[in-house]
Structures are given as structure tokens and as C-alpha cells.
Amino acid sequence: MPELPEVETTCRGIAPLLSGRRVTSVHVRNPHLRWPVPPALARELPGQRVSGVTRRAKFLLVESPVGHLILHLGMSGSLRVVSRDLAPEKHDHLDVVMDDGHCLRLRDPRRFGAALWTTEDPFEHPLLKYLGPEPLEDDFNAEWLHQLSRRRRVAVKSFLMNSKVVAGVGNIYASEALFLAGIHPGRPAGRISVKRYQGLVGAVREVLEGAIAAGGTTLRDFVDSSGNPGYFSQKLRVYGRQHEACEHCGSAVRSRVIGQRATYYCPRCQR
DNA sequence: AGACAGACCTGTGAGC
DNA sequence: TGCTCACAGGTCTGTC
């Protein structure tokens, strides 16, 4: 379930529980994630003290003095901090055990996620190096989108989901932001004005910040081993609501496949 | 260069 | 109850 807001929520949830802790061991039960979990992770991370946890796009970076653990939750991943003695379940592939008796546990049924290890600058890693701006930072703006989209005929929704354009806008929030901005998801990216891109930038921020705020409400349950990792009561306006009435005009929300992904929009409000 | 389709893998729910 | 099928929140890779 992880889109950017959930990854951010996860980051905020685990960061205070990991920071300052020393890693005592790493257990890889199943190394067959999107890429093989490198053996160096279990060799080199133990003994190190975690200096922080940060997010870039949908990647989480667990920082240590000698290297960075790069985590991605894929389509079905989740992270929890639990007692090291809690028995792992079927899809619990990785434990990072800490010196306070807890461990960071990665669960990922579909195994589209990743756990990698780098001793270089993590932002130079091929997975991070070519990412576009963070959607909540200032360098994500209308001028950037407008300039980058000229002469491009790809649907604006696909454009928005391209990680080189902006990092971490996933399928749900692409639909939601385009609805808020009143832009039809199939419109060619190169045929949208700066002014409309200004609206889109604001809409992307609004939906992401709203979802992060909603996610924050479950943070207190984060270490609860029975608790869900925190995906919540976020109200979606069009996603998953085909045939329902648009909240603005009452028209039936439509769904259509764009760029191989389910897309939801109001045919009247979005042009 | 840009735009697509295909790939990875498992779980879930609908329909029969 | 159990089978088959379509579909699912991501993103890299290969091909045209």
C-alpha cells in the first residue's frame, strides 16, 4: 500500500526508534526481493550505530557511519518495529536487530520491495541519482513541469508518475491531484500551460500533505506489533470511485487505463 | 529521446 | 467448497 505519504509516515514512525541504536545483527530470511539482498548488508551493518532515517522519493535510508541501508516497500511492503522475540510470519523477509531488544522488520508478500546496502554516497546510487525533485520541496514547481513537458505527448498522468519528473507521486495521488487541479489525466503533458501547472503543483502538495497528516494520527500505534502500519481514513475523491457522483458536479466518476494503470477522473470537471 | 509493453510475485475477491 | 481469472498502491528494462 505504500505511496509517498505512507513511506513518510513509516519514516517518521521508525526514525526515533532506530536513531542512536546500535545494530546487533541482521537476519535475511528471504533474499529474493526485487533485487537480491546483498550479503554485505548482514556482514557490515551489525556493530554500527544508526545515525538517522530519512526518505527520498519512496526510498527509506537507514544511515550508519559505514554505509546506508536503502529500503523500498514496493507494492505490498511494510515496516514495523517489534520485539526481537516476536515470531516472524510468512512474508517477514528481513530483521534488523537493535541493542534495545527491538528489531526493524520488513514484510513484503509480493516481494517487489528492496533492501540494498551501499557504502558510497547513497544519493549517487543508480536508484536515487536520477530522481526528479521531491514534490514537497520548492524545486518542484510549475516552471519545471512546463519546461520539461514541452513537445511531450505523453498523458499528463503518466508524466506526473515519471520519477524523473517528480519523485514519488504514485497512482492514487496522481489521479487525486489531477482531479483537484481540474486537469484531464489523458491530456498531453506538452499541451498544458504554466498557469495550469501551477494549479497542479498546488494540488499535488495538497493531497500529499493531507494524507501525511492523516497518517500521522496512527503514529502512536506504530510499535504495536498487532497494529497496522498506518493507512487510514484518507478520503479519496475519485480513486476507486467509478460510477459514483463527482463531489463537485455530480457527474459519474469514470475509470480508464492510462499507461497501464487504472485512472479515475471526472469527465466534466477535468479538461 | 520518448513512449510503450512486459517483467517481477503473491494475495484477494468475483464469478462460476 | 473450490477452481479460474482479473486485478492490485511500483518501477526497471527492453524494444520500437
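Because the structure is a prediction, the values reported are computed rather than measured. Naming: A, B, ... by sequence-line order, numbering from 1 per chain. In what follows, every heavy atom counts, from backbone to side chain, and hydrogens, waters and symmetry copies are set aside.
- Close to C:dG9, at under 4.0 Å from its OP1 or OP2, lies no side-chain N or O of A:Y173.
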Reading DNA chain C 5' to 3', how would its secondary structure be written in dot-bracket notation, given Watson-Crick and G-U pairs with both distances under 3.5 Å, brackets [ ] for crossing pairs and | for partners on other strands?
.|||||||.|||||||
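- In this structure, the side chain to side chain contact (heavy atoms under 4.5 Å, CB included) partners of A:Q48, at least two apart in sequence or on a different chain, are A:L45, A:S64, A:P65, A:V66.
- Each of A:R256, A:K157, A:R254 was checked for a side chain to side chain donor-acceptor pair (under 3.5 Å) with A:T263, and the lone residue meeting it is A:K157.
- Between A:K58 and A:E6 there is no salt bridge, since none of the side-chain N atoms of the basic residue sits less than 4.0 Å from a carboxylate O of the acidic one.
- Between A:D108 atom CG and C:dA8 atom P the separation is 18 Å, expressed in whole Å.
- Under the side chain to side chain contact (heavy atoms under 4.5 Å, CB included) criterion, A:A40 pairs with A:R43, A:E44, A:W117, sequence neighbours left out.
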Let's go through A:S251 and A:C269 carefully: what are the C-alpha distance in whole Å and the side-chain angles of both, what is the deciding distance for side-chain contact (heavy atoms from CB on, under 4.5 Å) to 0.1 Å, and is it a yes or a no?
CA-CA 9 Å; A:S251 299; A:C269 296; over 6 Å; no
Atom pairs, protein N/O to nucleotides 4-7 of chain C N/O, distance under 3.5 Å:
none

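- Taking atom CG of A:N162 as the reference point, atom C1' of B:dA1 lies 12 Å away to the nearest angstrom.
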Annotated protein contacts, base or backbone, on nucleotides 10-16 of chain C with a non-hydrogen cut-off under 4.0 Å, one of B, S, - each
BBB----
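- The phosphate of B:dC8 (OP1 or OP2) has no side-chain N or O of A:H32 nearer than 4.0 angstrom.
- Of the residues in residues 139-155 of chain A, those with a non-hydrogen atom less than 4.0 angstrom from any atom of DNA chain B are A:R152, A:R153, A:V154.
- The residue A:K164 sits apart from the nucleic acid: no heavy atom pair falls under 4.0 Å.
- Figure legend: A:R110 and A:F112 shown as a cation-pi pair, the cationic atom lying under 6.0 angstrom from the six-membered ring centre and within 45 degrees of its axis.
- Not counting sequence neighbours, A:E63 has no partner by the salt bridge (charged side-chain N to carboxylate O under 4.0 Å, His left out) test.
- The side-chain hydrogen bond (donor to acceptor under 3.5 Å, both in side chains) pairs that include a residue from residues 204-215 of chain A number zero, where partners must be two or more places apart or lie in different chains.
- In terms of the ring-ring contact (aromatic ring centres under 6.0 Å, His included) criterion, residue partners of A:Y239 (sequence neighbours excluded) are, by chain and number, A:Y264.
- The salt bridge (charged side-chain N to carboxylate O under 4.0 Å, His left out) search around A:K129 returns A:E124, not counting sequence neighbours.
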Side-chain donor/acceptor pairs under 3.5 Å, residues 140-150 of chain A, sequence neighbours excluded:
| residue | atom | partner | partner atom | Å |
| --- | --- | --- | --- | --- |
| A:N141 | OD1 | A:E143 | N | 3.2 |
| A:N141 | OD1 | A:W144 | N | 2.9 |
| A:N141 | ND2 | A:D138 | O | 3.1 |
| A:W144 | NE1 | A:V165 | O | 2.7 |
| A:H146 | NE2 | A:R150 | NH1 | 3.3 |
| A:S149 | OG | A:L145 | O | 2.8 |
| A:S149 | OG | A:H146 | O | 3.0 |
| A:S149 | OG | A:A189 | O | 3.4 |
| A:R150 | NE | A:H146 | O | 2.9 |
| A:R150 | NH1 | A:G190 | O | 3.1 |
| A:R150 | NH2 | A:I192 | O | 2.8 |

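- Within the structure, the side-chain hydrogen bond (donor to acceptor under 3.5 Å, both in side chains) test picks out the following pairs touching residues 15-39 of chain A (sequence neighbours left out): A:R21-A:D99, A:S25-A:H27, A:R29-A:D95.
- Separation of atoms CZ (A:R55) and CZ (A:R12) is listed at 8.5 Å; rounding is to 0.5 Å.
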